[in-house]
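Sequence lines set the chain letters: A, B, ... in the order given, protein chains first and strands last, and positions in each chain run from 1.
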Protein chains: 2
Amino acid sequence: MTVRTASESMAHKVERQLRGDILTLVLQPGARISEQEIGERYGSSRQPGREALIALAKSRLVEILPQRGAVVAKISVSKLMQAAFIRETIETAIVSTACNAFHFHARQRLDDCLKEQARAAESGNRAEFRRYDDLFHKALAEGAGLPMAWAVVEDLKAHIDRACCLSLHAPETLAKLIEEHRAIVAAIDQRDETAARAAMTAHLCELLHDLPRLEAEHPDLFE
Amino acid sequence: MTVRTASESMAHKVERQLRGDILTLVLQPGARISEQEIGERYGSSRQPGREALIALAKSRLVEILPQRGAVVAKISVSKLMQAAFIRETIETAIVSTACNAFHFHARQRLDDCLKEQARAAESGNRAEFRRYDDLFHKALAEGAGLPMAWAVVEDLKAHIDRACCLSLHAPETLAKLIEEHRAIVAAIDQRDETAARAAMTAHLCELLHDLPRLEAEHPDLFE
DNA sequence: TCGTATGTTATTGTATGGAAGTGTACGCAA
DNA sequence: TTGCGTACACTTCCATACAATAACATACGA
């Protein structure tokens, strides 16, 4: 037990896997989880499980009830709307900045992401699609010289992602998302701040359309 | 040992105190700290010390060197500038929102903060002044219906605060800060978004003037 | 029946032992 | 002197033992 793979600590591994299972709704909102249980689930003792829970509680993905246990946080419309608002605020500022100065090597990464994302969309690999979606937004932030901004957004995004997981996007929706990414890149290349901000806003709004329907269909997963 | 005071766990207490000592430069940037040492310093065993270090590493206030120890993060101009940028982005969005709708009970809190802050400024109590400064910004966010936004800003603010701690403000500077707060409130009362955003931007820029001087005077505290 | 007291169980919170990793000092040979 | 190898000290990281606490069930008395 506890054979550490090269560089990643057990605690970090448990945290990463637990976060993944929560974000993909493998662990459903409202589920009770204990440190012990989490440790066993991912092949460790209580201690790494405990650290994972504390870490995820900081992102508000789990709620720790003192002396009693923890539960996977339910999807909160309020938290989701706030996260979406803050995300839009930050990401529009990112693309604004990107229009004025963009690091060369990050520009290349944007194209790579677009390509890989298109491939994932074709093969219907949603996990891969999402991964490159994240990498795209990360590359935008880094290109604008604002890596911390992505760290903030990534944390907020968790609350949005679980809702996204409920609304299974059709292939044409995936294609549309890629097109929106292209529009953002085009606006940055032309240094057109107004267009870039508008493109980013449109891109992020995409996700909120279905929210009322989702809540109606899955009332038990919402707060 | 380990007598828990009602509701706060030892781990949480150690984290709070350690954060305080780092933000006020009692623990200087660059200082090496171990779990053991932190535990002893605040009267606990290694475990709460460890949890505190992990928590503060998440806010990037300490850097954990795997298998080796931890150091108080040096003040990074890059992180500081990014934090300031993101903070300004979020807080201007907050006051924009506040102009369109502001919760009544939070409005009262704003006035309370202004009053208490003025009192702290007169008596020269800087810690108290800061505390009400935070509460003011928090009340703004909550009044706008965006408590999560404050949570994000509060975390980012840490990087800015340490630099602020270096530049000892004169009493007239404190008065000026309060005046800026008043201007923000006035703009919100008049529902003047443009003025509110401008007032907030001016208020936050205040802090960055001294930065080059500070870095020159304390090169060892910077990255 | 209702409310209170008590015991049981599950869980966290804390302390501590031990394994493994990292850097350093030292000795020794070339 | 320089380079190398070994031993050592220090630290994290994980596992586990123990204490404290909250919730629940159950028993008891009014």
Using a 3.5 Å distance criterion without hydrogens, assess whether the side chain of A/D210 forms a donor-acceptor pair with backbone atoms of A/R213. no
Could you give the CE-to-P distance, from A/M10 to C/dG18, as a whole number of Å? 22 Å
Give, ordered by number, those residues of residues 30-41 of chain B having at least one heavy-atom distance below 4.0 Å to an atom of DNA chain D; if nothing qualifies, reply none. B/S34, B/E35
Taking the side chain of A/S45 as heavy atoms from C-beta outward, which of D/dT16, C/dT16, D/dC13 is closest to it? D/dT16
Take a 6.0 Å sphere around CZ of B/R16 and say whether it holds more than 12 heavy atoms from other residues, nucleotides or ligands. yes
Rounded distance (Å) that lies between atom P of C/dG21 and atom CD of A/E8: 16 Å
On DNA chain D, does the nearest nucleotide to A/A11 precede the nearest nucleotide to B/R68 from the 5' side, or the other way round? Give the residue. B/R68
Nucleotide nearest A/R50 when distance is taken to its side chain, options C/dG13, D/dT12, C/dA15: C/dG13
Mind checking whether B/H137 and B/H203 have parallel, tilted or perpendicular rings, split at 30° and 60°? parallel
Any A/T97 side-chain heavy atom under 4.5 Å of B/F85 side chain: yes
Gap between atoms CD and P, on B/Q67 and D/dT12 respectively (whole Å): 9 Å
Strictly by modelled atom types, are B/Q17 and B/D21 linked by a side-chain donor-acceptor pair under 3.5 Å? no
Take the protein atom CD of B/E51 and the nucleotide atom C1' of C/dA15, then report the distance between them rounded to whole Å. 12 Å
Could you give the CG-to-P distance, from B/L53 to D/dT11, as a whole number of Å? 12 Å
Nearest whole angstrom, please: distance from the P of D/dT12 to the NE2 of A/H12. 18 Å
Is there a side chain to side chain contact (heavy atoms under 4.5 Å, CB included) between A/Q28 and A/I22 once you walk through the steps? CA-CA 7 Å; A/Q28 293 225 333; A/I22 291 178; over 6 Å; no
Take the protein atom CD of A/Q47 and the nucleotide atom C1' of C/dA19, then report the distance between them rounded to whole Å. 15 Å
Tell whether A/R46 reaches the base of C/dG13 with its side chain through a donor-acceptor pair below 3.5 angstrom. yes
Return the value, rounded to whole Å, for the distance between atom NZ of B/K13 and atom C1' of C/dT14. 13 Å
For A/S59, does its backbone N or O pair with a side-chain atom of A/H159 as donor and acceptor, under 3.5 Å? yes
